[in-house]
Amino acid sequence: MLGDDAELTAAVLAAQHGDETAFRAVYRTVHPRLLGYVRTLVGDFDAEDVTSEAWLQIARDLERFTGDADRFRGWAARIARNRALDHIRMRGRRPAVGGDETELTGRAAESDTAGEAIEALATDHTLSLIARLPQEQAEAVVLRVVVGLDAKTAAETLGKRPGAVRTAAHRGLKKLAELLGDDPDSAGVLDALPPQREPREGAVTSAGVTHTRARTQKDM
């Protein structure tokens, strides 16, 4: 796994030069969180297939990408979101994730902080709970906390203003914290994740370079 944004930025650039090992490192680093995002959109059953389709497009279009690790995560999330929305339109339905947002309202939280929710977001169980939030809140929470985008990049992915994304993420985390507080199955599943990212000044960018050949799922 890549340890920090500088390493991910370097790996993306190397992958653009045709380094298959670097591309596999990028895939292993970004895929788990990208898959979690897609799960909130299409549900568990179709998430793997939709995410695989997204990675095929990422591999095909990588030569046109320009930017650092933050921009790559946002770019990959936009591709995954478009593939997910295409899938939903093709199926003519919303994912059946169980429950609805009315179950999350009117609950008294034991704590006024969303810290416990943030710590648990990496677990499959909690991702399934996120999928029960209103879609706007679910996407904002996953993009900001799970995928790790700052508010500006998440807003670009969703076609919204950064302030609207911050608000949706805050409301979603509060509701999620309430739901986790009432759920006995959530005990003992806290896996710490970093707090919501804010844009960094002077982010390094890199020019895209054509890679040697299109990658396949086998290469990943």
Side-chain angles (χ1 to χ4, degrees), residues 1-88 90 121-124 127 139 141-150 152-159 191-194 196-197 199-200 202-220:
M1 296 291 288
L2 302 180
D4 54 36
D5 282 1
E7 291 183 3
L8 179 56
T9 299
V12 169
L13 183 58
Q16 290 180 305
H17 280 285
D19 187 328
E20 301 296 337
T21 299
F23 187 84
R24 285 193 290 271
V26 171
Y27 176 84
R28 287 193 298 269
T29 300
V30 176
H31 175 73
R33 296 185 176 197
L34 200 64
L35 176 62
Y37 176 43
V38 173
R39 285 179 59 192
T40 68
L41 296 171
V42 303
D44 290 344
F45 185 77
D46 295 326
E48 288 280 1
D49 288 343
V50 172
T51 309
S52 293
E53 291 174 5
W55 275 106
L56 290 173
Q57 182 177 343
I58 290 167
R60 184 177 66 245
D61 296 345
L62 184 60
E63 64 185 43
R64 297 201 293 269
F65 170 75
T66 301
D68 62 2
D70 279 338
R71 291 186 62 84
F72 180 81
R73 280 188 288 260
W75 179 70
R78 286 193 294 276
I79 290 174
R81 186 174 194 266
N82 289 337
R83 297 285 69 77
L85 295 180
D86 286 346
H87 178 80
I88 292 170
M90 181 183 68
L121 290 179
T123 68
D124 289 343
L127 284 171
E139 288 196 71
V141 168
V142 175
L143 285 175
R144 295 221 62 199
V145 183
V146 178
V147 179
L149 305 185
D150 59 43
K152 179 180 178 181
T153 306
E156 291 172 353
T157 300
L158 298 173
D191 297 312
L193 285 177
Q196 299 184 42
R197 286 175 173 268
R200 293 176 298 143
V204 177
T205 59
S206 56
V209 181
T210 303
H211 55 76
T212 55
R213 65 181 177 87
R215 296 164 181 82
T216 66
Q217 290 290 302
K218 183 178 180 181
D219 294 326
M220 302 171 193

Checklist entry - Considering residues at least two apart in sequence or located in another chain, which fulfil the side-chain hydrogen bond (donor to acceptor under 3.5 Å, both in side chains) criterion with Thr153? => result Asp150
Checklist entry - Distance from Leu143 atom CG to Arg78 atom CZ, nearest 0.5 Å? => result 10.5 Å
Checklist outcome for this item: In this structure, CG of Asn82 is separated from OG1 of Thr157 (nearest 0.5 Å) by 9.5 Å
Checklist entry - Which pair of heavy atoms, one from Ala80 and one from Val38, lies closest together, and at what distance? => result CB-CG2, 3.8 Å
Item to check | Sidechain N-carboxylate O distance under 4.0 Å for Asp70, Lys152 | outcome: no
Checklist outcome for this item: OG1 (Thr51) and CZ (Arg39) are apart, to the nearest 0.5 Å, by 10.0 Å
Checklist outcome for this item: Sequence neighbours excluded, the answer for salt bridge (charged side-chain N to carboxylate O under 4.0 Å, His left out) partners of Asp86 is Arg83, Arg89
Checklist entry - Hey, does Asp49 have a side-chain heavy atom less than 4.5 Å from the side chain of His87? => result no
Next on the checklist: Rounded to the nearest 0.5 Å, what separates atom CD in Glu63 from atom CG in Asp61?
Outcome noted: 8.0 Å
Checklist entry - Roughly how far, to the nearest 0.5 Å, is the CG atom of Asp46 from the OG atom of Ser52? => result 11.5 Å
Item to check | Student check: side-chain heavy atoms of Leu149 and Leu158 closer than 4.5 Å | outcome: no
Next on the checklist: If I compare all heavy atoms of Leu8 with all of Ala69, which pair ends up nearest, and what's the gap?
Outcome noted: CD2-CB, 3.7 Å
Next on the checklist: Do Val142 and Val147 have side chains that approach each other closer than 4.5 Å (heavy atoms only, starting at C-beta)?
Outcome noted: yes
Item to check | Shortest non-hydrogen contact between Arg144 and Ala154, atoms and distance | outcome: CG-CB, 4.2 Å
Next on the checklist: When you compare the side chain of Trp75 with that of Ile79, does any pair of heavy atoms fall below 4.5 Å?
Outcome noted: yes
Checklist entry - How are the rings of Trp55 and Phe72 set to each other: parallel, tilted or perpendicular (split at 30° and 60°)? => result tilted
Checklist entry - Rounded to the nearest 0.5 Å, how far apart are CD1 of Ile58 and NE2 of His31? => result 10.0 Å
Next on the checklist: Minimum heavy-atom separation for Ala22 and Ala15, please, with both atom names.
Outcome noted: CB-N, 3.8 Å
Checklist entry - Taking side chain as C-beta onward, heavy atoms only, is Arg24 less than 4.5 Å from Thr21? => result yes
Checklist entry - Do you know which two heavy atoms are closest between Phe23 and Ala59, and how far apart they sit? => result CZ-CB, 3.8 Å
Checklist outcome for this item: Tightest non-hydrogen contact, residues Leu35 and Glu48, listed as CD2-OE2, 3.5 Å
